[in-house]
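Here the structure comes first, spelled out in structure tokens, and everything after it is commentary.
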Amino acid sequence: MSLPNWPGVIENYREFLSVSESTKIVTLKEGGTPLLPLLRIPDIIKAPISLYVKLEGQNPTGSFKDRGMTLAVTKALEKGAKALICASTGNTSASAAAYGVRAGLKVYVVIPEGNIAKGKLAQAVMHQSVVIQVQGLFDQALEVVRDVSKTHPVALVNSVNPDRIEGQQTVAFEICDVLGSAPTFHFLPVGNAGNITASWMGFKKYRDIGRIAALPKMVGVQAEGAAPIVLGHVVPNPRTIASAIRIGNPASWTGATNASVESGGEIIAASDEHILEAYRMLAREEGVFCEPASAASLAGVIAYARKGLFRQGDVVVCTLTGHGLKDPETALSVPYTHISVPPSREAVLEVLGF
Ligand SMILES: *Cc1c(COP(=O)(O)O)cnc(C)c1O
């Protein structure tokens, strides 16, 4: 949740983005998200670090996708587009659907059938986009929309659209603006790899203009069952509970490898078990509810701590890419206690142990 007078990422970082005075900006006042210090997890994982989470779930549609979507839709409108199209594991469609409404454009979202979190589908439906479920995987859906947008007048707003990447750089600007420098490490989940590509671009831009002196080491975290970059080959049938990173052939593959190599970081894989451990730890210990894919970043931090890869005083930032409410089914998939009582004072007091 940004400040009441926060203007949105394009207005706030106008000098770094390719918009002109006359550009009509399509915004839902995205960005300006909190950089929250974690209170307990560094001790729990025995890491001598300052650990922050960038709460991207507090963007207007509940994920970082809004940072890129505001620019992609602004530019599409400027170029005279009448309709938008995207393939999506869910959050891109939610974002495109909402910004499409703002811009007065028709939106087509192509999603893998039966493979999208309920909250995300609800958003696309509420914003009146045309939801096309394909009997296949995300990677196939992306291939189809790329193909269609080449020959027909529908603007593609996936992260293969450079405007998306340009807008998404702003997360790095915000982190540096708050910390006064870059963190030592930046951890983030990697799916189609647009976000790590964009974040790295943002840090480099801030370094080039002298706002920060040193760059962070970028550590991208894939899910073990969907880790093409770690394995070095396409994964034809990616599997993971973390649906937002269930991607077998990332569009920005080279962007991700460049970011990790140039920064002295790496791309690693985390098991679903470790992703879910991090997901629950954030909610239980810190009051932070993110979606499973987002927690891959913290799973990476926990793996680093276990291997003793941090130094005293390292500043570590995790991007928590999306809000936990997007995927209530995964949240409720663990055993939890239902206590059912009659509506009486006595019955409630008994549960309280008085
Ligand atoms: C899109 C998304 C990702 C993956 O980002 P890429 O840019 O595709 O690597 C991770 N987490 C969430 C919640 C997302 O919506």
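The basis for the numbers below is simple: all heavy atoms, side chains too, and nothing from hydrogens, waters or symmetry mates. Just so you know, ligand 1 is whichever comes first in the structure, and atom 1 is the first atom listed for that ligand.
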Could you tell me how the ring of [X] sits relative to the ring of [Y]: parallel (under 30°), tilted (30 to 60°) or perpendicular (over 60°)?
X      : Y      : result
Tyr304 : Phe310 : tilted
Tyr206 : Phe173 : parallel
Phe289 : Tyr279 : tilted

Under 4.0 Å from any heavy atom of [X], which atoms of ligand 1 are there?
X      : answer
Ile245 : 4 (C), 10 (C)
Gly322 : 13 (C)
Glu291 : 13 (C)
Val190 : 9 (O)
Gly194 : 6 (P), 7 (O), 9 (O)

For [atom], what is the nearest protein heavy atom, given as residue, atom name and distance?
atom                    : value
atom 7 (O) of ligand 1  : Asn195 N, 2.8 Å
atom 8 (O) of ligand 1  : Asn192 N, 2.8 Å
atom 11 (N) of ligand 1 : Thr321 OG1, 2.7 Å
atom 5 (O) of ligand 1  : Phe64 CZ, 3.4 Å

- Ser159 near ligand 1, heavy-atom distance under 4.0 Å? no
- side chain to side chain donor-acceptor pair (under 3.5 Å), paired with Asp66, selected from Thr33, Asn59, Thr61, Thr27: Thr61
- Would you mind checking if Arg67 and Glu166 are paired as a salt bridge, meaning a charged N to carboxylate O distance below 4.0 Å?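 No, Glu166 and Arg67 are not salt-bridged.
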- Charged N to carboxylate O below 4.0 Å: is that the case for Arg306 and Glu277?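 A salt bridge is present here (some side-chain N lies under 4.0 Å from a carboxylate O).
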Can you find an N/O atom of [X] closer than 3.5 Å to an N/O atom of ligand 1?
X      : result
Gly191 : yes
Ala193 : yes
Lys65  : yes
Asn91  : yes

- Are Glu11 and Arg14 close enough, and set up right, to give a salt bridge (Lys or Arg N to Asp or Glu O under 4.0 Å), and what steps lead you there? CA-CA 5 Å; Glu11 213 39 85; Arg14 188 177 255 285; 3.0 Å; yes
- Query: Has Glu273 got more than 12 heavy atoms of other residues, nucleotides or ligands less than 6.0 Å from its CD?
  - Reply: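 No, because the 6.0 Å sphere around CD of Glu273 holds 12 heavy atoms or fewer from other groups.
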- Query: What is the minimum heavy-atom distance between Asn192 and Pro250, and which atoms define it?
  - Reply: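 Residues Asn192 and Pro250, closest heavy atoms: OD1-CA, 3.4 Å.
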